[in-house]
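Report on the structure given below.
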There are 2 protein chains.
Amino acid sequence: MSQTVDRALSILPLLAQGPADLGQVAERLGVHKSTALRLLRTLHEHGLVYRQEDQRYRLGARLFALAQEAVENLDVREIAHSHLVALNEQCGHTVHLAVYEENEVLYIDKVESRYPVRMYSRIGKPVAITVAAVAKLLLADLTEPERRAIAERLDYPMYTSRSLPNAGAFLKELAVVREQGWATDLGGHEESINCIGAPIRGADGRVVAAMSVSAPNVVVTAEELLTLLPLVRRTADTISREYSGTTPTKKA
Amino acid sequence: MSQTVDRALSILPLLAQGPADLGQVAERLGVHKSTALRLLRTLHEHGLVYRQEDQRYRLGARLFALAQEAVENLDVREIAHSHLVALNEQCGHTVHLAVYEENEVLYIDKVESRYPVRMYSRIGKPVAITVAAVAKLLLADLTEPERRAIAERLDYPMYTSRSLPNAGAFLKELAVVREQGWATDLGGHEESINCIGAPIRGADGRVVAAMSVSAPNVVVTAEELLTLLPLVRRTADTISREYSGTTPTKKA
DNA sequence: ATGACCGTTGCAGACAATGCAACGATCGAG
DNA sequence: CTCGATCGTTGCATTGTCTGCAACGGTCAT
């Protein structure tokens with residue numbers, strides 16, 4: 001909609017791949033060097049890009065700070081956090097909280113497993129949308145046409161032999177999840193890791209977030225993990241109630 | 001330099017304080033509603049802002065992803081991480097890694113304490129620059145005029161009675177740190193927490209990052225913590241060597 | 001010492017961003 | 001149920017700002 005801003009913002013993902021000098025930026029944007037320079041300068045003034053000693057540009061510090069503040073302003077996260085910690089203390093496994101936003105599911109909070117074997121994940125990292133328990137929960141709540149549209153747009157990478165292979169299987173799984181009110185990922189993302197998850201709902205009943213407990217096979221079997229389901233669902237329901245209780249849009 | 005981009009980017013910190021609707025954004029930017037709308041739309045297309053159901057705007061998901069990629073592209077971080085983990089396994093305390101960038105010091109990695117008592121900090125969060133051990137290390141390496149300029153520009157909040165109170169004391173401390181090659185923060189940020197830190201240097205000897213070990217009084221006294229100094233310095237030196245060994249700018 | 005390369009600046013032209021005004025939708029009150 | 005108000009949205013003419021060009025200066029390698 002706005003050409004100048006559009007160009008400027010296109011620089012960010014470009015630099016996310018690695019540092020680049022002025023010429024490279026100009027070339028990849030398809031604009032004159034002087035234009036790229038002015039855009040970079042503006043980004044620089046706002047701290048979004050940083051100029052390292054070799055004069056090349058890199059993503060800047062304020063980006064972290066912004067992402068930081070953004071995540072701290074998510075009220076679901078704030079409300080949920082203490083419950084996630086409590087759950088972690090009871091079961092000892094890794095606990096995740098995730099939300100859906102614009103065709104992406106991403107983790108917004110995480111409490112690390114107390115076992116030495118940990119799974120790799122990171123707040124802010126997009127979730128493997130076709131297999132993760134939290135992703136199934138969040139997508140299952142969308143309207144039928146939305147689910148269809150998204151399911152057809154997705155790729156279905158076969159992380160393991162148990163990954164959902166195509167849109168049909170995915171939609172079927174979503175229907176199951178929608179019906180039963182909880183979800184699993186049994187080795188669909190990484191062979192040796194299982195997850196169980198439950199939805200967090202707002203006052204209107206819509207799913208606003210999803211949480212999950214993940215544990216590797218070597219610690220507990222899938223069957224053992226499933227015995228935690230009541231606990232997980234209870235925690236999710238508690239968070240839902242507390243979230244619904246607060247005025248939906250509180251802050252000024 | 002570029003008015004349009006400047007305005008657009010000004011929206012981000014504004015939204016970082018909390019969600020806002022179109023009118024509020026326009027007002028705080030000092031532009032017409034239609035202008036604000038178009039800027040927001042462009043930001044939206046790039047995923048930097050998100051429109052929640054109540055139509056208000058919030059910082060968006062891509063911001064996390066960008067910050068994520070940015071932090072992963074810092075080669076110091078990549079090289080240091082395994083060493084930080086190893087150090088944590090030896091001493092059990094919280095280990096931080098920080099860099100200096102444009103008048104800010106910020107944590108770029110962290111390994112949590114294995115003790116139940118943890119200090120609050122977060123990757124991406126700006127560091128208390130006038131007291132933190134890592135901040136002293138990073139600033140101590142700047143040239144004398146740079147140090148002076150920064151020292152005078154800073155605020156000196158008295159977090160505790162042992163916080164450095166003014167530019168004079170700060171510069172003096174930096175001189176000490178610069179001389180001895182390591183730094184401490186003994187209760188200068190939080191009364192009950194002590195830190196010791198050491199610098200990580202590039203091939204040219206300049207400080208590129210700093211690391212620290214933090215522990216609350218209740219776990220170890222300051223004196224006990226200081227006995228870890230050789231270990232911390234050795235770890236920092238190991239990382240420095242490894243960092244200098246790799247070609248400084250490797251990636252494409 | 002010389003040439004090539006890269007970042008930087010001033011300038012005039014052109015295009016894109018701006019503000020205005022009118023429209024439409026949503027919500028609340030009477 | 002109707003009316004009014006509020007807020008987001010769109011088309012348009014004007015203006016201003018962004019763009020590309022060309023020339024300059026610095027740095028590095030030959």
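Treat the numbers as computed from the prediction; the structure is a model and nothing was measured. Quick note: numbers below take in every heavy atom, side chains included, and nothing from hydrogens, waters or symmetry partners. Sequence lines set the chain letters: A, B, ... in the order given, protein chains first and strands last, and positions in each chain run from 1.
Between the side chain of A:R58 and the backbone N or O of A:P19 there is no donor-acceptor pair closer than 3.5 Å. Within the 3.5 Å criterion, the main-chain N or O of A:L48 finds no donor-acceptor partner in the side chain of A:H46. At distances below 3.5 Å, not a single donor-acceptor pair connects side-chain atoms of B:Y100 with backbone N or O atoms of B:L137. Judged by distance alone, with hydrogens and angles left aside, the side-chain atoms of B:T235 form no donor-acceptor pair with the main-chain N or O of B:L87 at under 3.5 Å. The backbone N or O of B:A36 sits nowhere less than 3.5 Å from a side-chain atom of B:R7 that would complete a donor-acceptor pair.
Near DNA chain C, meaning a heavy atom under 4.0 Å from it, residues 40-50 of chain A has A:R41 in order of number.
A:L142 has its side chain within reach of A:L139: a pair of non-hydrogen atoms, C-beta onward, lies under 4.5 Å apart.
For A:E27, the CD atom counts as loosely surrounded, since its 6.0 Å shell holds 12 or fewer non-hydrogen atoms of other residues, nucleotides or ligands. Around atom CD of A:Q180, more than 12 heavy atoms belonging to other residues, nucleotides or ligands sit under 6.0 Å away.
In this structure, A:D54 places its CG atom 14 Å from P of C:dC6, rounding to the nearest Å. In this structure, B:E27 atom CD and D:dC7 atom P are separated by 11 Å, rounded to whole Å. One can place CD of B:Q55 at 13 Å from P of C:dA25, the figure rounded to the nearest angstrom. As rounded to whole Å, 14 Å separates atom C1' of C:dA17 from atom CG of B:L29. Distance, A:L22 CG to C:dT9 C1': 13 Å, rounded to whole Å.
To the nearest 0.5 Å, the span separating CD1 on B:I79 from CD1 on B:I239 amounts to 9.0 Å. To the nearest 0.5 Å, the span separating CG on A:D155 from OG1 on A:T130 amounts to 9.0 Å.
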Assign a letter to each nucleotide of nucleotides 18-28 of chain D from its 5' end: B, base within under 4.0 Å of a protein heavy atom; S, sugar-phosphate only; -, no contact. SBBB-------
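Note on the helix from C:dA1-D:dT30 to C:dG30-D:dC1: angle between the axes of the first and last five pairs equals 40°, rounded to 10 degrees.
Ion pair B:E144/B:R148 flagged as a salt bridge, since at least one NZ, NE, NH1 or NH2 atom sits closer than 4.0 Å to an Asp/Glu carboxylate oxygen.
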